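This report refers to the structure that appears directly beneath it.
Nothing here was measured: the structure is a model prediction, and the numbers come from that model. Lettering of chains follows the sequences in order, A, B, ..., and the numbering in each one begins at 1.
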Amino acid sequence: MQTTRRMARCLGRLLRLTPVVDRWTPPRRGGRAPYYTFILLGRPSLAPMADLPDKRTAPIDWYLAVVEAADLSDKRYGIKGMNVWPRYGFRARRNLDRILVREIEATGSEAVEFPALIPANEFAKEKEHIKGFDAQVYWVTRGGLSELDVPLVLRPTSETAMYPIFALWVRSHQDLPLNVYQIVNTFRYETKTTRPFLRVREIHFFEEHTCQLDEDRATDRVRSNLDAFARMAGAFCLPYLAVRRPDWDKFAGAHYTIALDIPIGGARTLQIGSVHHYRENFSVPYRISYETATGGRANVHQTTFGLSERLLGAIVAVHGDERGAVFPSEIAPYEVVIVPIPTATARAAIEAATRELADRLARAGLRVFLDRGEERPGAKYFRWELRGVPLRLEVGGRELEGRRASAVDRLGTRSTVALENLETEVAERLRAFDRELMRRAQVAFRESFSVATDLSQLNGSTRVRVVGWCGSEACGHEIEKAIDGALLGVPEGTPPAVEGPPGPCIACRRSDGVRWAFAAQPI
RNA sequence: GGGACUGUGGGGUAGCUUGGUCCAUCCUUCGGGGUUCGGGACUCCGAGACGCCAGUUCAAAUCUGGCCAGUCCCA
């Protein structure tokens, strides 16, 4: 039974019921009052640890509840969009970063770090760029008690911090390519609602910046970045789209932008990264030029590759279920949790055995947690399922006797592990878990798309729509209006859900130069 | 930028309309004791909150104003 607050009070008195705000009512729309649900006096509903909102009907509430209950982010800091990384969540972030570093360094990129503050005059050099970020930068205008002569921008991204220095670093063709990245925090003054990991004001940002000899080499670098991302996404078990954004939606200052998008239910998508080709757009104003092999001068062509903790949000949103988070093994704060099941007779033996198992797995390089808490085993199962640990090992009297451990992975697959082969069998279970996680994600991914051939099909769509688009901005905007979202752009490669080439443009019905494109509601 | 709404222990909430019966309810959480322990244990004891600052009043969680924080809608 649902009603408004005032009605709730009156009715509550009449009926001797206690009105209780349902913890997970859908988000309030407009100025309307929250919904109230009645429960019998004296029997308030239990709000158990992992009694999560329904992921399908209330995805935002589900997401926020999981992030909080699984101890991934603490959002009580007191500044909108600036959250605290608690120990458990930070472990996941460190694992995420480890994969980014591993894959980008495999392509010959090296780590650097630039300052967080950028002088206003440097920030303003590239006109499109400053226009794109003007409304969302934080300014530092005072040092101590005095006003600064040159105000400073807290980096929203680091082009304008790096490129004046790049101009000094790059002098000869022998200095190229320059491929460097940094993982730092950046700041954007978001005015819209913020969400942990998905939209924040202090962004945990991975950014690669490169300088190349010419346009083709820069195009190659874009490809190389996309390949690197494919490997990263493999570790995250995340199927994704690489989409060339329409011109009106590209990064401020870019020649073109290839965005990485994932579907996250209904027609909604989440951008989890982007690769940009800058051509000479920044190297001209920042004078990043070099002496060629033949003695002439040329401007470098630049690229960037950006990722953030949104990836973590994407992993939670895509893999999580009604029991909580589900982490792919490479991201999981702990890959294995060991739950001892003490018995009256074998308590000490079980204690000793589980310690030894934990030691062995740790020595084998696995992130393992031995849960020696006082809770009963069942409570521990729920907690670690909520927190998304891929594999749980149970060791009790029965296991001890049989020299084995019972294993249950986060997707519910049960098996038995022989203690003598513990390390290899656990590694095997984790690989099988990742494969199954990816398989499930791919099934859901494919089901997220469907072709639309008429604008009327876009309204209220429950899928990301694949449409024929002639490439004109006017038609693009018409499509965006029809779906109440955005035209994501043209896929790199063949899109899901299609057979053969596109028909006529969904908006203007022209059939020349038509490409497949995605229409969706980005969050 | 314009508008609407919300703020009570660590989390979720009751109480506010009609100020007093509130040293603030219930669930969860946390600390301690006991009995338990193969899927969220039970029990006893204890801890912990009215966003901030003013104002009205004999009396403010409750009314008024400002501020801060958050949410939603529209541009």
Round to the nearest Å and state the distance from [X] atom [atom1] to [N] atom [atom2].
| X | N | atom1 | atom2 | answer |
| --- | --- | --- | --- | --- |
| A:L386 | B:U29 | CG | C1' | 14 Å |
| A:N83 | B:G11 | CG | C1' | 16 Å |
| A:L393 | B:G38 | CG | P | 19 Å |
| A:R398 | B:C37 | CZ | C1' | 13 Å |
| A:Y77 | B:C68 | OH | P | 18 Å |
| A:R76 | B:G9 | CZ | C1' | 12 Å |
| A:K192 | B:G70 | NZ | C1' | 18 Å |
| A:E374 | B:G40 | CD | C1' | 17 Å |

Side-chain donor/acceptor of [X] to base of [N], under 3.5 Å:
| X | N | result |
| --- | --- | --- |
| A:E394 | B:G39 | no |
| A:R392 | B:G39 | yes |
| A:R414 | B:G39 | yes |
| A:E399 | B:G38 | yes |

| query | So which nucleotide does B:U64 pair with, by the Watson-Crick or G-U wobble rule with both distances under 3.5 Å? | reply |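 For B:U64, the partner nucleotide comes out as B:A54, under the 3.5 Å rule.
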| field | Residue met sooner reading RNA chain B from 5', once A:R195 and A:P342 are mapped to nucleotides | value | A:P342
Which nucleotide, [options], lies nearest any side-chain atom of [X]?
| X | options | result |
| --- | --- | --- |
| A:T194 | B:U71, B:G40, B:G38 | B:U71 |
| A:R376 | B:C37, B:G70, B:G11 | B:C37 |
| A:Y381 | B:G70, B:G11, B:G39 | B:G39 |

Looking only at atom [atom1], what distance separates [N] and [M], rounded to whole Å?
| N | M | atom1 | answer |
| --- | --- | --- | --- |
| B:A49 | B:G40 | C1' | 27 Å |
| B:G48 | B:C26 | P | 15 Å |
| B:G9 | B:A4 | P | 26 Å |
| B:U71 | B:C27 | P | 30 Å |
| B:U18 | B:C63 | P | 9 Å |
| B:G19 | B:A61 | P | 14 Å |
| B:U8 | B:C22 | C1' | 12 Å |
| B:U64 | B:U28 | P | 35 Å |

[X] to [Y], cation-pi by 6.0 Å centre distance and 45° axis angle:
| X | Y | answer |
| --- | --- | --- |
| A:R155 | A:F133 | no |
| A:R195 | A:Y63 | no |
| A:R93 | A:W85 | yes |
| A:R245 | A:Y256 | no |
| A:R465 | A:F449 | no |

| task | Determine, using ring centers only, whether A:H129 and A:F251 are less than 6.0 Å apart. | result |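 Ring centroids of A:F251 and A:H129 are less than 6.0 Å from each other.
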| field | A:R439/A:E436 ion pair, N-O < 4.0 Å | value |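 Between A:E436 and A:R439 there is a salt bridge, with a charged N closer than 4.0 Å to a carboxylate O.
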| said: Students often get this wrong, so: under 4.0 angstrom with heavy atoms, is A:K380 touching a base, only sugar-phosphate, or nothing? | reply: nothing
| query | Would A:F382 count as stacked on B:G40 if the rule is ring centres under 5.5 Å and plane angle under 30°? | reply | yes
